[in-house]
Amino acid sequence: MSDSLLGLDEPPQPHRPPNDSGAYRVLARKYRPQTFAELIGQDAMVTTLGNAIRRDRLAHAFLLTGVRGVGKTTTARLIAKALNCIGPDGTGGPTIDPCGICEPCRAIAEGRHIDVIEMDAASHTGIDDIREIIEASRYSAVSARFKIYIIDEVHMLSKAAFNGLLKTLEEPPAHVKFLFATTEVNKVPVTVLSRCQRFDLRRIPAELLAQHFARVCAAEGVEAETEALALIARAAEGSARDGLSILDQAIAHAGMEGEGVKAESVRAMLGLSDRGAIRELFGKLLSADAPGALAGLRGQYDLGVDPLAVLRTLLETVHGVTLTKLGTEPTAGQSAEERAALEGWAGSLSFPALHRLWQLLLKGHEEVARAALPIEAGEMALLRIVHASQLPDPGELARRLVDGTLSAPAPAAAPSAPAEPSLPRDLAELARLLEANRRFQLAEQVRMFLRPIRFEPPEVEYAAARPLPHDFVRELAAALKEITGKGWKLIAGSDSGGKTVREDEADRASAEREAVLRSPVVAAAMEAFPEAELIGWTQNRSNQA
């Protein structure tokens, strides 16, 4: 066999793309990173590798793990390039920035280097395959600095194959490097893990994927909406390969009219529900509009959207409202309309209400996934949410039981004119009345902002504990009139007023704690154990108040 066939002393040649036959190459292959600078989302790993190369502290075996499409095999090839690069002038050494011009770099990129052996463990699982590697590893590299074995999906090797590899893996020849890649690191024996330097490749954030897809579209001469790329990035779930495959499909879906990649067409292609329609459906659920909620679900179903996808998007909406209520940054690709809607719901829904919505939707999602009649199961799940929205809040019932304000219903009286509803006796009862009628934000503001001066319903004179939100008084009066049927008069007084509901609850909790601490049994226990502290019922009760 001639030296040229072995890759020895091959004369310099111009760089050729891996595919020069004119056949179409999918985007996931065409835009596979050729340098570490092009590898997105893995900065920590690149930094570690760069430091190791510069300090000549290279491990003899590397294990690359992560979900599909984050760059495990690509990284293994880049490491092979970095270790074997000789630079444009042929005198370079290992570098984190391989030149891509020298023969080793080009041969590795094109998959034809004789000293870089790639093996798919899914199709070479046995001890005989590993025995060939062990025998070949004894011989020096033919033309490269290191002989490198890249074993993809290494977890597929048999137990005998792993055992046969252990000795060579622990004490390999100086010229040999092993690069393993796997999506299921838990299936790799710990005896192998302990002999490797492990890198966990992270899921690529959606915003980085969207930026990468925008660059690919620019290189391909394809127009793409920002929202469309954000949808593709979310659907990719952290995988660059999956995202590029979806983008490839979206470009083909756009046709030849030059319209570009549109968010609407991507949503239709992926079977995603329209987020505007989902926001409208979510609003109908919160307002207990059962016919409207069912019509919204049927509308999405008639457009070809899977009921499971609708439930999943409703779950994402609840999650988004919760994160907005916590004050987190908006997610990539979020429209102004969606952000405004989430902020509105975050202001009106309490955390207990959001957690209850999440549980109900999660249960509905599980039922629809298993149901023989998915659309019917979806409708029943939405009706359950509408019904649950009209039930009293469990936390409110518990508080009223503790406070003694919840009593058994009075016996039925003889038919007579309906009695007027009883009005609250203080600000605390007023807040509970608002909460029982789903005015959660107003209830919390009453507890925190108002100091009572005179409380004679339907007239209340108050002092503000802090600057009141805009339109707070008007909204409170309108809500009380709707709930009680009476017109309320809220007057800002000149006195300082009494304590707010929150301050009063905190004082009561503190007094209860002091009373418990003064009791003989607790006092004796505290004296016997000086570093002990009182926790439990009193503290929990104060937290719930």
Side-chain angles (χ1 to χ4, degrees), residues 1 5-8 18 29 32 42 45 48-49 52 57-84 94 104 107-201 239 241:
M1 185 179 292
L5 292 179
L6 290 173
L8 295 173
R29 292 188 61 197
R32 172 171 277 175
Q42 312 299 342
M45 180 198 67
T48 303
L49 282 173
R57 299 179 63 87
L58 291 168
H60 54 268
F62 297 89
L63 177 69
L64 305 168
T65 179
V67 298
R68 68 197 183 282
V70 293
K72 298 183 297 298
T73 305
T74 295
T75 300
R77 293 174 181 172
L78 291 178
I79 293 175
K81 274 189 186 181
L83 298 183
N84 284 327
I108 293 171
E110 296 169 13
R112 58 180 175 81
H113 200 294
I114 194 171
D115 291 319
V116 178
I117 301 97
E118 292 193 33
M119 186 183 90
D120 177 20
S123 55
H124 299 81
T125 63
I127 182 62
D128 290 338
D129 301 298
I130 295 301
R131 189 177 290 116
E132 290 181 12
I133 292 177
I134 296 171
E135 292 296 328
S137 67
R138 298 176 182 175
Y139 301 100
S140 298
V142 176
S143 63
R145 185 178 294 112
F146 293 104
K147 179 178 284 190
I148 295 177
Y149 291 93
I150 299 175
I151 303 181
D152 206 2
E153 299 302 337
V154 69
H155 67 274
M156 300 291 287
L157 290 178
S158 66
K159 183 177 180 181
F162 273 127
N163 290 336
L165 187 61
L166 287 180
K167 185 62 178 176
T168 303
L169 188 60
E170 183 170 14
E171 298 177 0
H175 60 272
V176 173
K177 302 290 182 186
F178 288 97
L179 302 177
F180 301 140
T182 178
T183 54
E184 299 184 52
V185 69
N186 58 301
K187 294 184 178 180
V188 179
V190 292
T191 50
V192 173
L193 293 177
S194 65
R195 290 166 166 82
C196 299
Q197 189 170 99
R198 173 174 167 176
F199 290 102
D200 290 85
L201 277 67
S239 169
R241 183 174 63 236

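Values below: every heavy atom of this structure, side chains too, minus hydrogens, waters and symmetry copies.
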Worksheet entry | Side chain proximity check, Gln42 to Thr75, heavy atoms < 4.5 angstrom | no
Response to the item:
Applying side chain to side chain contact (heavy atoms under 4.5 Å, CB included) to Asp128 and not counting sequence neighbours gives Arg131
Worksheet item: Okay, side chain of Thr183, backbone of Gly66: is any donor-acceptor separation there less than 3.5 Å?
Response: no
Worksheet item: Any idea which heavy atoms bring Leu63 and Cys196 closest together, and the distance?
Response: CB-CB, 4.0 Å
Practice prompt. Kindly write out the residues that satisfy side chain to side chain contact (heavy atoms under 4.5 Å, CB included) with His124, not counting sequence neighbours, or none if the list is empty.
Written response: Met119, Asp129
Worksheet, complete the sentence: Rounded to the nearest 0.5 Å, the CD1 atom of Ile148 sits from the CD1 atom of Ile108 at a distance of 6.0 Å
Worksheet item: Listed by chain and number, what are the salt bridge (charged side-chain N to carboxylate O under 4.0 Å, His left out) partners of Arg241, not counting sequence neighbours?
Response: none
Practice prompt. Go through the steps for Thr74 and Arg32 under the test side chain to side chain donor-acceptor pair (under 3.5 Å), then give the verdict.
Written response: CA-CA 7 Å; Thr74 295; Arg32 172 171 277 175; 3.2 Å; yes
Practice prompt. Could you grab the distance from atom CD1 of Ile79 to atom CG of Leu64, nearest 0.5 Å is fine?
Written response: 5.0 Å
Worksheet item: Is any side-chain heavy atom of Val192 closer than 4.5 Å to a side-chain heavy atom of Leu165?
Response: no
Item to complete: Write down the atom of Ser239, the atom of Gly69, and the distance for their closest heavy-atom approach.
Response: OG-CA, 3.2 Å
Fill in: Note, Leu193 side chain near Phe180 side chain (heavy atom, < 4.5 Å)
no
Worksheet item: With Tyr149, which residues qualify under ring pair (Phe, Tyr, Trp, His ring centres under 6.0 Å), at least two apart?
Response: Phe178
Worksheet, complete the sentence: For Ala181 and Asp152 the tightest heavy-atom approach is CB-OD1, 3.4 Å
Worksheet item: For Val67, which residues count as a side chain to side chain contact (heavy atoms under 4.5 Å, CB included) partner, sequence neighbours excluded?
Response: Val70, Arg203
Item to complete: Using side-chain hydrogen bond (donor to acceptor under 3.5 Å, both in side chains) as the criterion, list what pairs up with His60, not counting sequence neighbours.
Response: none
Discussion item. Is it the case that the side chain of Asn84 and the backbone of Phe146 share a donor-acceptor pair, with hydrogens and angles ignored and the cut-off at 3.5 Å?
Written reply: yes
Discussion item. Does any part of the side chain of Ser140, heavy atoms only, come nearer than 4.5 Å to the side chain of Lys147, both counted from C-beta?
Written reply: no
Worksheet item: How many angstroms lie between OG1 in Thr125 and CD1 in Ile130, if you round to the nearest 0.5 Å?
Response: 9.5 Å
Worksheet entry | Backbone of Ala144 reached by a side-chain donor or acceptor of Asp115 within 3.5 Å | yes
Worksheet item: Just how far is it from atom CE of Met156 to atom CD1 of Ile151, taken to the nearest 0.5 Å?
Response: 13.5 Å
Item to complete: Report yes if some heavy atom in the side chain of His113 is under 4.5 Å from a heavy atom in the side chain of Pro104; otherwise report no.
Response: yes
Worksheet item: What distance separates Leu157 CG from Phe162 CZ, expressed to the nearest 0.5 Å?
Response: 4.5 Å
Item to complete: Just jot down the side-chain hydrogen bond (donor to acceptor under 3.5 Å, both in side chains) partners of Asn163, sequence neighbours excluded, or say none.
Response: none
Practice prompt. Identify, with sequence neighbours excluded, every residue that meets salt bridge (charged side-chain N to carboxylate O under 4.0 Å, His left out) alongside Arg77.
Written response: Glu118
Discussion item. I'd like to check the side-chain hydrogen bond (donor to acceptor under 3.5 Å, both in side chains) partners of Lys187; sequence neighbours left out, ordered by chain and number.
Written reply: Glu184
Practice prompt. Decide whether Thr65 and Asp200 meet the rule of one side-chain donor and one side-chain acceptor closer than 3.5 Å.
Written response: no
Response to the item:
In terms of heavy-atom contacts, Arg68 and Lys72 come closest through CA-NZ, 3.9 Å
Per-pair distances, 0.1 Å, donor-acceptor, side chain in residues 132-139, under 3.5 Å, sequence neighbours excluded:
unit_1 : atom_1 : unit_2 : atom_2 : d
Glu135 : OE1    : Arg138 : NH1    : 3.4
Ser137 : OG     : Ile133 : O      : 3.4
Ser137 : OG     : Ile134 : O      : 2.7

Fill in: Heavy-atom closest contact (Ala61 atom, Leu169 atom, distance)
CB-CD1, 3.6 Å
Practice prompt. Would you check if the side chain of Arg195 reaches a backbone N or O of Thr191 as a donor-acceptor pair within less than 3.5 Å?
Written response: yes
Item to complete: If a pair satisfies salt bridge (charged side-chain N to carboxylate O under 4.0 Å, His left out) and one of its residues is in residues 171-180, list it, with sequence neighbours excluded.
Response: Lys167-Glu171
Worksheet item: Rounded to the nearest 0.5 Å, what separation is found between the OG1 atom of Thr182 and the NE2 atom of His155?
Response: 4.5 Å
Response to the item:
In short, Gly126 meets Ser158 closest at the heavy-atom pair CA-OG, 4.0 Å
Item to complete: Check the pair Ile117, Ile150 against side chain to side chain contact (heavy atoms under 4.5 Å, CB included), reporting the backbone distance first and the verdict last.
Response: CA-CA 6 Å; Ile117 301 97; Ile150 299 175; over 6 Å; no
Practice prompt. Under the side chain to side chain contact (heavy atoms under 4.5 Å, CB included) rule, collect the residues that match up with Ser194, sequence neighbours excluded.
Written response: none
